[in-house]
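Hydrogens, waters and symmetry mates play no part in the numbers below; they use all other heavy atoms, side chains included. Numbered from 1 within each chain, the chains take letters A, B, ... in sequence-line order.
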Amino acid sequence: MMNRFNHLPTLKIDTSEKIPFTYKGKQYYGTKGDTVATALYANGVRIYARSLKYHRPRGLYSMDGECSNTMMEINGVPNVRTETTLLKPGMVIKEQNVKGSAENDLMGFIDKMDWAMPAGFYYDTMHKPARIWPVAMKQIRKAAGIGKLSPDHHMPGRYDEIFPTCDVCVIGGGPAGMTAALAAAEKGLRVILMEVRPWLGGQFDYRTAEYANRQTCHDRAVQLAKEVEKTDNIRVFTHTANVGAYNNNLITGFQVGTEKDSFTERYIEIRANSVVVATGCIERPLLFENNERPGVMQAGCALRLANTYGMLPGKTGVFSIGHDLGLEAAVALHDLGMTIPMIADIREDGQDPALLKAVTDRKITLLKGWVATEAHGRKQVKKVTLKSLDGTAEKTFDCDVLVASAGFTPLTGPLVVNQAKLKYDAHTNFFLPTDLPKKMHAAGRLLGYENAESIEASGQLAGLKAAYDCENCSIADLGEAKKIMESVPGPARGTKLVMAPVKGRKTFICFDEDTSIKNVKQSIDKGFDVPELIKRFSGAGLGPGQAGIPGHNLPLFTAKYQALPDIKIRPTTVRPPLVPTLIATYAGTNHTMLKRTPIDDLQRKDGGIFRNIGVWQRARYFSKDFTSRKEIENVRDRIANLLGPLGQPTHIEKVGRVVCVGGGIGVAPLHPIAKGMKQAGNEVVTIIGARSRELVILEDEMTAIADRCICCTDDGSYGRKALVTEPLKELCIIPGMTTGIFSGKPHGCHGGDQPVPGPNARKVTEKVVNIDVSNEAFGFSECKEFKVADTIPVKAMRLGCG
Amino acid sequence: MFFKSKPMWGKKTKLKSSYDVVLIGGGLHSLATAYYLAKEHGITDVAIIEKNYIGYGGAGRNTAIVRANQRTQYNVPLYKEALDLWPVLTKELDYNLMFNNCGNLNLMHSEAAMNAARMNIATAQFHGVESHLIDAKEAKELVPALNISEDITFPIHGAMFHPPGGVVRHDAVVWGLAKGAAKMGVEIHQQTEATGISTKNGKVTAVVTDKGIINTKQVLISAGGYSASLIHGFLGIKLPISVLTIQAMVTQPLKPILDHVVSSGAYHCYANQTLKGEIATGAHMDQWPNYTTLNTAHYIKHQAEALSEFLPALRGVRFMRIWGGLADMTPDMAPIMDGNEQVEGFFMDCGWGYFGFKSCSAVGRHMASFMATNTCPDILKPFALKRYQEHRLMGETAALVNYTPDN
């Protein structure tokens, strides 16, 4: 196991505490604060998985779980993103989708078969002759899928759910998000701040570059986090991924519990008045041959390995980058002891002069207008070829790490799923959000700001805009914040380069689905010429990483390949959940919220088999014979329990035509009413309803007395499948038809009541009540209040007329 | 390279000023109609007009389940024919539609539901469609992940097992039919919006699009969820259709765990595993008419709660993506197929709700025959719009899942 730094201020690990875990059956140790991925990296693991289609070796790439490269099985749960999962003692970790091991995968040869597998090849093969398809299909099913889950898998852990409300919800706990939260909180508003990492700070947290007044970005992050934490009206949810944003600012997410929490994960659904999205950026992958070979990683990933997790990504690192963060990472890693033979910067100019000086001071060679074109090494990077952008000059370097990053991609997910549109912006080379939904604001790096001051100023402005939405901020304050925003540097210029000058046979635009540039070209040539179609045909962006890797590269490349004059093409639609979320977490407590009747206990004692009926849990059967024949006979001949509505005796007179509507046992009191109405000389239509066929009662009786009897059931097992109100509506639209409607539905006493039906009903009732229930004393349809067994107060109504 | 990449549905051509037949909507019903018009009737001067791209609507948003276990005698033969066509089409189109003939399992959660299933099965068997009633234990043998214990909200009493059903790769059907139709000369015009239909003396004369006017004597509107509003907008014909957003979702891919399509009316949920290994699941429809195709927060949660109960192993999988599409629902949950009735030369094929995918091949074939011969095939006759006037509704509502405000 490699030695870890323990002196850096940015570290999140505690090297004094070792955490044991099992990987492929062997015991290893990580350090407190490690993620599963960093613990494995520290133990020398470089190949984490094999890819879905070609079984190419895959390794640590982004650190934020944007692709399936580092998904593993942990404690029997498949597809766990090890980059974002904290290591816990005793974890049992296994590789997925390999025959053999990730290092030596017997299926590795498939990588050489790519010529036989162009985009959509499966549609053109395996169906001739037809009989081979079922066989081929079985093999496809076996080969596809990543993780394994047994049919009797039991998900360990406790899952919870909460539904907080707030005035302002800030998504993203980086510098912009924290500033926004503070600005809104200062106006006296209740703020919720969600951050996906286990700590606040965002990109500032792992950066030691200078911020202002000799303060580092990291120090500034710590300072802001302290302020946030001591502000009472900000509720912070760390290690909480935002997964959805819906109409009227309903924000959903899930939080991963710590050792101190009572839950493993919990679903969070926030109703906010106003929302600030400050989710920042991920890096836009650089496209070149073997751009996903283990050892190739993004600048933030390399920097965080060192600054957050205390280890160098490798001995020798070549950089091929397109932004200042890349230069900053090179300088920082050099200072920590990594050999950096070369930085290839895509940009010809525009670099931060201070960083250029730092690079020169350290005697690192910087080639402007150069880019990596190929990573060499069968399983891990051993060598890299760099070329000038026009492809004329070429150099190769030995290295074990290649830091590659073309630019940034804004994380606009929460805005887009809530219906914001994306529009291409040539300056930043971003697809920037426009038409933001009401009371939703964007701030920080996702708008293209890279300057630290600009990031905070945009956070301040967004926080105040949100406060203004809540009517807690004056126009003057807003104007002030806008003025500050105008005085700081605007969005940084983004690099335009999409792909190094290569053909792209092994240049992967989507890692999860193994979609190469060549596959995308094939798709476009076949007529799938917009990202949405390329996605469906080639699979790019359909994998577990939720299109994090192909995200903006796919539309940029599509536009370029077709030589479209202006980029009208958009990235593929982003869908919730923005981060893959466990079904267990979504289900949360999985409460079934059911009411119980007053005699629930008694019925249970009597061996009642309960079912959920509407919002009630009621005894549905009293024997294993679900046809309930005996029970039904018992009601007919003797007694069972039932119920009835409240109300006054029905006024019966001749009115013309009458519709009598009843449902369930409500049909019972309806029968004498309908009969009375008919006798009074009315034309009577009865509509009777029940949940299902076997619950329809009195149909024959109704048919006998009424001019017409319409029967409905909820499940359609008898008569019409409809609510009783449906035929009623139809009858009502026939003019002159309806002159009176009587409902047998027990108003306001649904479910909690107990019916007492059967010929012996009165005999039973007499024994348990303290009033006279004789035919004379308790009239039909009368309602009385009294006590049962001298203890239970009830309101009762007489339904039967016998 | 085995396969040279050529445009699958022909090079992009300019819209002509006249066609024999214009089909509005680039979904499966249009594509299938075009394919059979060309193949069985030799009518190839056909244009498909699609506002977005082919398969943008329901064709690309459904969860690809196919089956023929509907309830009424009019519907079952149509779906049976469609079911039988998948292997035939695979061969004809020389395009692998990836029919996974895994069978469908409809869970029943009460004795009443079992009785309803008995009736469905009788109908199916009468029409020569294989369908059986099985008990909970047999269901668990077929789907070992099923929870048949008593202590869930809706304990499983049994299931209706329908072996001929399964899953077809929906996108492949879109592309295969487009390829087949284009090969015979049908033109597919994507990014072209139909904005009106011109009529004269009660006859169709032209279709107006944003790329110009097309003279034609025959036009079909089968634009999925948008059909009803187009038909009303273009010709003033009001249809008894409400359009609702229906949602579906997939999990991350897994090695095989579900070998059959499983659905439950009581839980309002169905689940099947795609060939890629994702568990595709859905069923919920918004209870308010809308064209948004937006997702709702509570539905994905509901789905997780339902799966947690009857397929509890899936608690260990992650949802990856949820999306919405449109379902154009009629009062009797059966489609409207009609032609030459309201306006001569005008045909419609809509109101498919969430059954449009399953039926597309057979319906395309019959609609093509209808349009080519101007005679309505017997099998389509019960689906005419008139049935609402004559109060001859289909009673298909009692099929598997119902949608009333008390769900």
Please classify the contact between [X] and chain A as side chain, backbone, both or neither, with a heavy-atom cut-off of under 4.5 Å.
{"X": "B/I322", "result": "both"}
{"X": "B/Y53", "result": "side chain"}
{"X": "B/K276", "result": "both"}
{"X": "B/L146", "result": "neither"}
{"X": "B/H170", "result": "neither"}
{"X": "B/R118", "result": "neither"}
{"X": "B/M119", "result": "neither"}

Under 4.5 Å from a heavy atom of chain B, the part of [X] involved:
{"X": "A/L250", "answer": "side chain"}
{"X": "A/Y122", "answer": "both"}
{"X": "A/Y621", "answer": "side chain"}

Acceptor/donor pairs from residues 252-260 of chain B side chains to any protein atom, 3.5 angstrom cut, sequence neighbours excluded:
unit_1: B/Q252; atom_1: OE1; unit_2: A/N79; atom_2: ND2; d: 3.4
unit_1: B/K255; atom_1: NZ; unit_2: A/N97; atom_2: OD1; d: 2.9
unit_1: B/K255; atom_1: NZ; unit_2: A/K142; atom_2: O; d: 3.0
unit_1: B/K255; atom_1: NZ; unit_2: A/A143; atom_2: O; d: 3.2
unit_1: B/K255; atom_1: NZ; unit_2: A/A144; atom_2: O; d: 3.2
unit_1: B/K255; atom_1: NZ; unit_2: A/G145; atom_2: O; d: 3.3
unit_1: B/D259; atom_1: OD1; unit_2: A/R141; atom_2: NH1; d: 3.0
unit_1: B/D259; atom_1: OD1; unit_2: A/R141; atom_2: NH2; d: 3.4
unit_1: B/H260; atom_1: ND1; unit_2: B/C102; atom_2: O; d: 2.5

Do you know which of [options] has the most heavy-atom pairs under 4.5 Å to chain A?
{"options": "B/H302, B/K179, B/H157, B/M249", "value": "B/H157"}
{"options": "B/L314, B/N147, B/L393, B/I54", "value": "B/L314"}
{"options": "B/N101, B/N115, B/N100", "value": "B/N100"}
{"options": "B/A113, B/P155, B/P87, B/A172", "value": "B/P155"}
{"options": "B/G277, B/A313, B/S110", "value": "B/A313"}
{"options": "B/A112, B/A297, B/A145", "value": "B/A297"}

Relative to the ring of B/W175, is the ring of A/Y123 parallel (under 30°), tilted (30 to 60°) or perpendicular (over 60°)?
perpendicular

Do [X] and [Y] make a side-chain contact, defined as non-hydrogen atoms from C-beta onward lying under 4.5 Å apart?
{"X": "B/K6", "Y": "A/D525", "value": "no"}
{"X": "B/L294", "Y": "A/N247", "value": "yes"}
{"X": "B/R321", "Y": "A/V574", "value": "no"}
{"X": "A/D529", "Y": "B/K12", "value": "yes"}
{"X": "B/I300", "Y": "A/P577", "value": "yes"}

With rounding to the nearest 0.5 angstrom, report the [atom1] to [atom2] distance, [X] to [Y].
{"X": "A/L582", "Y": "B/F319", "atom1": "CG", "atom2": "CZ", "value": "10.5 Å"}
{"X": "A/M137", "Y": "B/N96", "atom1": "CE", "atom2": "CG", "value": "10.0 Å"}
{"X": "B/R318", "Y": "A/T581", "atom1": "CZ", "atom2": "OG1", "value": "8.5 Å"}
{"X": "B/N295", "Y": "A/N418", "atom1": "CG", "atom2": "CG", "value": "11.0 Å"}

For chain B, the option from [options] that forms the most heavy-atom pairs under 4.5 Å:
{"options": "A/D152, A/L149, A/I140, A/V77", "value": "A/L149"}
{"options": "A/M71, A/Q419, A/Q96", "value": "A/Q419"}
{"options": "A/M126, A/R693, A/E532, A/H154", "value": "A/E532"}
{"options": "A/E513, A/K521, A/R620", "value": "A/E513"}
{"options": "A/S692, A/G147, A/S150", "value": "A/G147"}
{"options": "A/L52, A/D512, A/I251, A/V80", "value": "A/V80"}

If every non-hydrogen atom of [X] is compared with every non-hydrogen atom of [Y], which pair is closest and at what distance?
{"X": "A/H127", "Y": "B/T90", "result": "CB-CG2, 3.7 Å"}
{"X": "A/Y246", "Y": "B/T296", "result": "CE2-C, 3.6 Å"}
{"X": "A/L542", "Y": "B/E278", "result": "O-OE2, 4.1 Å"}
{"X": "A/P78", "Y": "B/G316", "result": "CD-O, 3.8 Å"}
{"X": "B/A304", "Y": "A/Y586", "result": "CB-CB, 3.3 Å"}

How far apart are the C-alpha atoms of A/E269 and B/H298, what are their side-chain angles, what is the distance that settles it, and do they pass the side chain to side chain contact (heavy atoms under 4.5 Å, CB included) test?
CA-CA 10 Å; A/E269 189 176 299; B/H298 300 129; 2.8 Å; yes

Is it the case that the side chains of B/R315 and A/Y159 hold a donor-acceptor pair, with the cut-off being a distance below 3.5 Å and no angle test?
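Checked: A/Y159/B/R315 side chains show no N/O donor-acceptor pair below 3.5 Å.
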
Give a yes or no on whether B/K140 atom NZ has more than 12 heavy-atom contacts from other residues, nucleotides or ligands under 6.0 Å away.
yes

Pairing of B/K301 and A/E161 as salt bridge, 4.0 angstrom limit:
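The answer is yes: the pair qualifies as a salt bridge.
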
Is there a donor-acceptor contact under 3.5 Å from the side chain of A/R536 to the main chain of B/G55?
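Present.
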
Check against ring pair (Phe, Tyr, Trp, His ring centres under 6.0 Å), A/W133 and B/F99
CA-CA 9 Å; A/W133 170 239; B/F99 178 29; 9.5 Å; no

